[in-house]
Every structure is written in structure tokens, then in C-alpha cells.
Amino acid sequence: MKFTALTTAVVLAKVIGTAAHGGVTSWTVGGKTYPGWQPYLSPSGQDTAGRPYSSYDPILDAESATIHCNNDGNNGPIPESITVPAGSDVTGHWTQWTHAQGPVTVYMASCGSAANCNSVKSSGLQWFKINEAGLLSGTVYNGTWGTGEVMDTLQWTATVPKSLKPGAYLIRFELLALHQSNTPQFYPECANLIITGSGTAYPSSAYLAPIPGAWGKNDPGVNIDIYSEAAKSMTSYPVPGPAVWSGDNSAPPPPTSVPPTSPPPTSVPPTTTPPATTAPPTGPTVPKYGQCGGIGYTGPTTCAAGSTCSHLNDYFYQCV
Ligand SMILES: *[C@@H]1O[C@H](CO)[C@@H](O)[C@H](O)[C@H]1NC(C)=O
Ligand SMILES: [Cu+2]
């Protein structure tokens with residue numbers, strides 16, 4: 001089994017021509033650098049807070065059973081934890097990274113009442129997002145993205161909300177590369193943390209989601225063709241997953257599927273007709289950036305005022 005999977009991955013890497021991918025290989029907190037997992041060294045003897053992962057290669061299934069921490073959920077042979085005072089920055093470092101299109105997201109998950117995450121599997125936890133950077137400027141077609149900054153700097157920093165209650169948590173940095181049409185590449189890595197401080201806050205259920213489960217393979221931010229005509233006029237991008245939790249539950253999370261900005265009317269591409277569906281002509285309307293057609297889609301097809309149904313790919317027509 002193992003040999004077959006490896007062979008498949010090698011063949012695929014050749015076919016898609018993306019030999020240089022990446023993974024988090026160290027972490028910095030408070031000016032101190034902690035070794036991360038080293039996927040190309042023997043697991044034996046690795047003494048690290050980083051969760052094991054086997055290669056720099058992407059996860060191509062957006063709902064993969066290993067997409068929580070890029071592994072089966074377990075720690076390495078000598079698990080450590082990084083102590084982080086709530087309110088401090090956590091920086092992940094990559095040895096290599098070569099993709100400039102797609103979002104960066106940072107999640108955390110509580111390990112419950114355990115003193116540390118050493119015996120807590122990363123599968124089956126409830127995750128909350130503390131940081132994200134999607135499309136930073138320009139259009140989906142050729143704008144600048146969070147992962148482009150990682151390509152330039154080989155690092156990314158997120159701040160642990162100061163109000164977060166102390167305890168054992170996992171942190172998870174994910175790079176989502178969108179350079180291949182409708183074939184998103186997920187690169188998640190995790191580390192064990194001990195959060196200290198005097199906070200008492202914890203995200204409400206609106207901000208919590210399982211991974212896999214926080215997004216679906218047909219979400220508009222996941223199954224996307226950044227080279228489509230529609231993408232040339234999209235100036236916002238719906239980052240997958242729940243809204244960012246800033247440390248305050250009283251601020252209701254904005255609906256992540258409806259970005260705040262919209263492209264200027266002059267740049268809206270010509271409307272295309274979605275495949276026939278069973279929805280009645282006077283049914284509910286689809287919000288801007290929602291799905292309005294596509295193969296297998298049976299939901300409403302009428303776009304909210306100010307947007308029109310446009311072909312993103314054969315499986316996904318979107319109100320833009
Ligand atoms: C982005 O693409 C648009 C549409 O093709 C083009 O007009 C524009 O010059 C491009 N911008 C950059 C920075 O390449
Ligand atoms: Cu790659």
C-alpha cells in the first residue's frame with residue numbers, strides 16, 4: 001500500500017510538473033526558534049512540537065481524512081510543546097515554497113483539559129481560524145495573494161488572540177495553492193502549543209468547525225479556475241472555512257461566502273447561460289458569489305440584484 005501511494009505521488013508530481021512544494025519546518029515564538037517536523041529525515045529521534053508529515057507534497061482531496069495535520073493525527077516519537085503567552089505571535093517557516101496564488105489560513109484547536117496535546121489526535125477536533133490572507137489586491141486571475149507573501153518571505157505570522165483562555169492547543173498553518181484550475185492543493189502543518197495568560201474567552205460554535213468538514217470540495221474558494229474569464233473581474237475571493245475569530249464572540253462572524261467588495265460594473269463579464277435546472281423562475285435568489293448552476297446542481301439559479309450568473313467551470317456557475 002505504502003509503495004503504491006508513493007509511486008502514485010511521484011508519477012503525479014511529474015505529470016503536473018510541480019516538484020517543489022513545501023511544508024512548515026520550524027516555528028518562532030518570542031524570538032526563539034523551535035525545530036519543526038523534518039519530513040525527509042527519519043522519524044526516529046525527532047524531538048519537536050511539530051506534528052509529523054511525510055513530504056512537501058500537497059493534499060489534493062479537499063476533504064481528505066488526513067487534511068487536519070497532514071498525517072493520521074498522532075504525534076511523533078518525542079512530542080514537545082511550545083509555550084505561547086496569549087496575545088503573542090507565532091511564526092511558521094518554510095524551507096521552500098513556490099506558489100503565489102491562493103490563501104494562507106491559520107487555525108487553532110483545543111486539546112481539551114489535557115495538560116498538553118501529546119496524546120491528543122489532531123483528527124476529530126473542533127478548529128477555529130485566527131488568521132487568513134486571501135486575495136490581497138488585484139483580481140483572482142492575476143492579483144497578489146497570501147501565499148505570494150510566503151513565497152517571498154518563506155514565513156507567515158499569526159497572533160494568538162489575547163483573550164483566549166489558557167490551555168493545550170494545536171496550531172495549524174495551511175497554504176492553499178490554486179495555480180492548477182479546479183485542482184486545489186492543500187499544504188497544512190501543525191504544532192503543539194501551551195497557551196498561557198489570564199484570558200477566559202473561547203470561540204462560540206459559529207466559529208468552530210471540524211477539519212475535514214470546515215469546507216467542501218465544491219466551495220467557491222476551493223473548486224475555482226483562477227484562469228477563467230470570470231476570474232479576470234473578480235476582485236474578492238471567499239477564503240474557505242469559518243470566519244476569523246478575533247477573540248470576541250460578541251462580534252458576529254461575517255458570512256464568509258459573501259465578500260464585502262464587488263467588481264466594478266464595467267468589468268462584469270458577459271452573462272452565460274447555466275445548464276437547465278429544475279428551479280422555478282421565481283424561486284429564491286442566490287447571493288453574490290453563490291452557486292447558480294453547473295453539472296449536478298439543482299438549487300436556485302436567479303442571482304441577487306447587481307450580480308449575474310457566470311460560468312466559472314462546468315460544475316460551478318457563480319453569481320458575480
Ligand atoms: C491582469 O489581467 C488583466 C486582464 O487580462 C490585464 O488587463 C492586466 O494588465 C493584468 N494585470 C497585471 C498586473 O498583469
Ligand atoms: Cu507545489
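Remember, it's 1-based here, ligands and their atoms both numbered in the order they're listed.
Rounded to 10°, the angle formed at the Cu ion (ligand 2) by NE2 of H99 and OH of Y187 is 100°.
Taking the six-membered ring for Trp and the full ring otherwise, the centers of Y56 and Y40 sit less than 6.0 Å from each other.
A donor-acceptor contact under 3.5 angstrom links the side chains of N75 and N192, judged on distance only.
The hydrophobic cluster around I194 extends to none of the other residues, as no ILVMFWY side-chain heavy atom falls under 4.5 Å of it. Other residues sharing the hydrophobic cluster of L41, ordered by chain and number and joined by side-chain separations under 4.5 Å: none, the residue standing alone.
Not a single ring pair (Phe, Tyr, Trp, His ring centres under 6.0 Å) links W127 to another residue, sequence neighbours left out.
The SG atoms of C117 and C111 lie less than 2.5 Å from each other.
Summary: ND1 is the N/O/S atom of H21 found nearest to the Cu ion (ligand 2).
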For ligand 1, list all ligand N or O to protein N or O distances below 3.5 Å, rounded to 0.1 Å.
from     : atom 1 : to   : atom 2 : distance (Å)
ligand 1 : 2 (O)  : N142 : ND2    : 2.3
ligand 1 : 11 (N) : N142 : ND2    : 2.9
ligand 1 : 14 (O) : N142 : ND2    : 3.3

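Using bins of under 30°, 30° to 60° and over 60° for the plane-to-plane angle, the ring pair F128/Y169 lands in the perpendicular bin.
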